[in-house]
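Quick notes on the structure that follows.
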Amino acid sequence: MVEFYLMQHGIAAPGRVDDAARELTPEGIVGVQMSVQKVPKALDWVASSPLVRARQTAEILAAHLSPPTAVENWVELAPGGNATAVCARL
């Protein structure tokens with residue numbers, strides 16, 4: 001059986017001209033650190049959209065795993081991405 005865990009990024013800094021560059025706030029980082037405690041430590045992989053805040057969230061999750069794992073960058077997960085393309089990668 002295959003299990004998937006979907007996680008939304010933590011709280012990000014207020015809007016910028018380049019939305020993709022918005023980083024997690026200190027509160028967002030703490031929130032993600034608390035959330036990953038509820039995720040099993042043994043996952044096969046972690047994928048993230050290229051958004052900075054999503055990547056930061058995924059890296060916190062990946063560091064929580066045992067053993068830590070690399071984060072895969074999936075452009076299909078970016079805003080406007082294609083669900084069919086995401087499913088094809090799975």
Side-chain angles (χ1 to χ4, degrees):
M1 178 172 85
V2 176
E3 292 183 40
F4 293 94
Y5 295 87
L6 300 176
M7 189 171 180
Q8 183 176 6
H9 61 74
I11 299 169
R16 298 172 136 189
V17 174
D18 182 8
D19 181 63
R22 292 175 48 215
E23 296 184 1
L24 294 177
T25 63
E27 180 183 7
I29 292 170
V30 170
V32 172
Q33 290 169 334
M34 290 173 53
S35 293
V36 300
Q37 299 305 314
K38 300 173 186 173
V39 176
K41 286 197 166 272
L43 299 179
D44 294 328
W45 47 265
V46 175
S48 171
S49 85
L51 292 149
V52 171
R53 60 193 177 269
R55 180 71 186 202
Q56 289 174 308
T57 298
E59 288 173 353
I60 293 168
L61 170 61
H64 162 77
L65 301 177
S66 182
T69 188
V71 176
E72 296 180 23
N73 185 47
W74 288 16
V75 295
E76 298 89 348
L77 293 172
N82 182 303
T84 302
V86 171
C87 290
R89 288 196 71 167
L90 297 174

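Side-chain atoms are counted along with the backbone in the values below, which use heavy atoms only and exclude waters and symmetry mates. Here, residue 1 is the first one in the sequence, and each next residue gets the next number.
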Inset, instruction - Quick one: pull up CD in Gln33 and NE2 in His64 and give me the separation to the nearest 0.5 Å. - result: 11.5 Å
Legend entry - Value rounded to 0.5 Å, distance of CG in Leu77 from CZ in Arg89: 8.0 Å
Legend entry - Worked check of side chain to side chain contact (heavy atoms under 4.5 Å, CB included) between Tyr5 and Leu61: CA-CA 11 Å; Tyr5 295 87; Leu61 170 61; over 6 Å; no
Legend entry - Atom CD of Glu27 with >12 non-hydrogen neighbours under 6.0 angstrom: no
Legend entry - Shared hydrophobic cluster, Ile60 / Val39 (ILVMFWY, side-chain heavy atoms < 4.5 Å): yes
Inset, instruction - Work out which heavy atom in Ala85 is nearest to a heavy atom in Glu76; give both atom names and the distance. - result: CB-CG, 3.6 Å
Legend entry - Shortest non-hydrogen contact from Ala62 toward Thr69: CB-O, 3.1 Å
Inset, instruction - Quick one: list whatever passes side-chain hydrogen bond (donor to acceptor under 3.5 Å, both in side chains) with Asn73, sequence neighbours left out. - result: none
Report, one line per pair, each donor and acceptor closer than 3.5 Å where one atom sits in a side chain of residues 43-54; sequence neighbours left out.
from  : atom 1 : to    : atom 2 : distance (Å)
Ser48 : OG     : Ala54 : O      : 3.3
Ser48 : OG     : Arg55 : N      : 3.3
Ser49 : OG     : Leu51 : N      : 3.2
Arg53 : NE     : His9  : NE2    : 3.2
Arg53 : NH1    : Asp19 : O      : 2.7
Arg53 : NH2    : Asp19 : OD2    : 3.0

